[in-house]
Amino acid sequence: MGDLLSLFINSVFIGNILLAYFLGMCSFIAVSKNVEIATGLGFAVIFVLTVTSPVNWIIYHGLLAPGALAWAGFPDLDLSFLKFITFIAVIAAIVQAVEMVIDKYSPLLYATLGVFLPLIAVNCAILGTSLFMVERHYTFIESIVFGAGSGTGWMLAIVSMAAIRKKILYADVPKGLEGFGITMIIAGLMAMTFMMFSGITL
Amino acid sequence: MPEEKINYREIVTRGIWKENPVAYQVLGICSALAVTVKMSTSIVMGIALTIVTAFSSLIISSLRKKIPSNIRIIVELAIISSLVIITDQVLKAFFYDISKQLSIFVGLIITNCIVLGRAESFALANRPLASFFDGIGNGLGYSLVLVTVAFLRELLGAGKFLGFNIIPQFIFDAGYQNMGLMVLAPGAFFIIGLLVWLKNSLPGISKPETYK
């Protein structure tokens, strides 16, 4: 249990998917102008990550990993090179399914999240989490915790950035640095703050 | 029908400097930064991305009249993923050490906004050869930013250039120290921010950014 908690804390703060691995920057820059929208997108990312990470784990270890098809009579088969295309297809399919379910049962939530769901399918953070999950040899339970942790870390980063950018509107930023430039520098300062947690082990 | 004259050179240079994808279109920042601690990895990453963008633009543009528009994203992703798989396998076969260092970031070329962005905005509307050169131009523009960032990070963070020590020992003896910050993630953010500032302030090309 302690290991899982430690993994969660690690993926939220120290190994923050956005600030330490630079994943999901596109939507981070584009959507961090408004706190409410950032929060909505953050929740959508947490949800999609928590679902896709274990589903991809099952598919990878059940079908693609070296020797995974031994039950079907192919003990030497190694399909792991197919992981990129499989993961992206799984992610796109899950995002589509989630969108349809939300639309059917909760129109209110759909009105808030609906526009962001298609954006998420091509968010690097989602594919990156699944690939990290394979690369770091996580177990099934760890893959769920890692997915949820990465999503939470991403949301924390984008919501704080949206709040900071709201304040920055009133600041006198040098011309030329306005917009994208200052956003990157703020992200750098945030990344430094998040690294402060790196001494913590549970 | 007379072939209309297409200026390929113009298409290539446009991607490299005038409409540089990282600086102006705010695309592809994702994977641009994590591999920039060292020059060697970022050069390989830049080459890989240039090849994938060029060929995906070429293939998508050749198929542009066959792809139904409502499922085009899926088709584009399938083409891009296949090219990335090939690139990854080639890297594993011939540059195993570097492919280990690039780890998941080769795979993330699939979700790199530049590749899909060029496919959507250029390849779907232009001839195959023009799209191919557009892909090369944008890929090289991306590599330029990547290598610049990597150059600064490797020089300031480790005192090296492509793995060789270039800061002489007497400077260290005089009290110079490597800047640990540059090796870590925040260094990349600062460098990109400052590069954008520099690029916007250069005379002649300072077009106001459309990004708000």
Side-chain angles (χ1 to χ4, degrees), chain A residues 15-16 18-30 33 81-89 91-93 96 118 121-136 173-195 198, chain B residues 22-24 26-36 73-74 77-78 80-89 92 100 103-114 116-117 181 184-202 206 208-212:
Chain A
N16 187 295
L18 184 90
L19 296 170
Y21 294 102
F22 311 104
L23 301 179
M25 291 294 292
C26 306
S27 28
F28 176 68
I29 303 287
K33 274 170 253 166
F81 68 91
L82 284 177
K83 64 176 185 278
F84 298 144
I85 199 163
T86 319
F87 286 177
I88 197 86
I91 290 165
Q96 189 73 55
V122 287
N123 188 326
C124 328
I126 314 286
L127 183 65
T129 304
S130 288
L131 292 174
F132 269 135
M133 175 266 295
V134 168
E135 177 131 329
R136 296 179 185 167
V173 179
K175 210 172 175 335
L177 196 60
E178 284 169 336
F180 184 55
I182 193 72
T183 310
M184 291 315 277
I185 289 176
I186 296 171
L189 292 171
M190 277 171 69
M192 284 171 76
T193 329
F194 273 62
M195 292 183 86
S198 57
Chain B
V22 173
Y24 276 122
V26 202
L27 295 173
I29 294 294
C30 299
S31 53
L33 300 176
V35 297
T36 53
I73 303 271
I74 301 279
L77 278 179
I80 296 168
S81 314
S82 314
L83 286 165
V84 169
I85 291 175
I86 296 170
T87 315
D88 186 47
Q89 295 292 311
K92 274 191 182 137
K100 270 280 160 231
S103 80
I104 69 161
F105 294 99
V106 177
L108 287 172
I109 293 179
I110 300 174
T111 48
N112 191 309
C113 323
I114 291 181
L116 200 62
L181 175 72
L184 302 170
F189 284 114
F190 291 139
I191 289 182
I192 281 278
L194 296 174
L195 279 181
V196 171
W197 191 7
L198 178 72
K199 192 159 192 284
N200 285 344
S201 319
L202 286 180
S206 63
E209 269 184 274
T210 48
Y211 171 78
K212 279 268 155 37

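Values below: every heavy atom of this structure, side chains too, minus hydrogens, waters and symmetry copies. Per chain, numbering begins at 1; letters A, B, ... match sequence-line order.
Annotation for Ile85(A) and Ser81(B): closest pair CG1-CB, 3.7 Å, computed over non-hydrogen atoms. In terms of heavy-atom proximity, Pro174(A) sits nearest to Trp197(B) at CB-CZ2, 3.7 Å.
For Ile185(A), the side-chain contact (heavy atoms from CB on, under 4.5 Å) partners two or more places apart in sequence, or in a different chain, are Leu177(A), Phe190(B), Leu194(B). Under the side-chain contact (heavy atoms from CB on, under 4.5 Å) criterion, Ala191(A) pairs with Leu19(A), Pro186(B), Phe189(B), not counting sequence neighbours.
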Check your understanding: When you look at Met195(A) and Leu184(B), which way does the side-chain contact (heavy atoms from CB on, under 4.5 Å) test go after all the steps?
Key -> CA-CA 9 Å; Met195(A) 292 183 86; Leu184(B) 302 170; 3.6 Å; yes
Check your understanding: Would Val35(B) and Phe22(A) satisfy side-chain contact (heavy atoms from CB on, under 4.5 Å), going step by step from the backbone distance to the final call?
Key -> CA-CA 10 Å; Val35(B) 297; Phe22(A) 311 104; over 6 Å; no
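One distance of note links CG of Leu131(A) with CD1 of Ile110(B); it measures 7.5 Å at 0.5 Å rounding. Rounded to the nearest 0.5 Å, atoms CD1 (Ile126(A)) and CG (Leu108(B)) are 11.5 Å apart. A distance of 7.0 Å separates OG1 of Thr86(A) from CD1 of Ile85(B), quoted to the nearest 0.5 Å.
With a threshold of 4.5 angstrom between heavy atoms, Leu189(A) approaches chain B through its backbone and through its side chain.
Counting only heavy atoms from C-beta outward, the side chains of Leu23(A) and Phe105(B) approach each other to under 4.5 Å.
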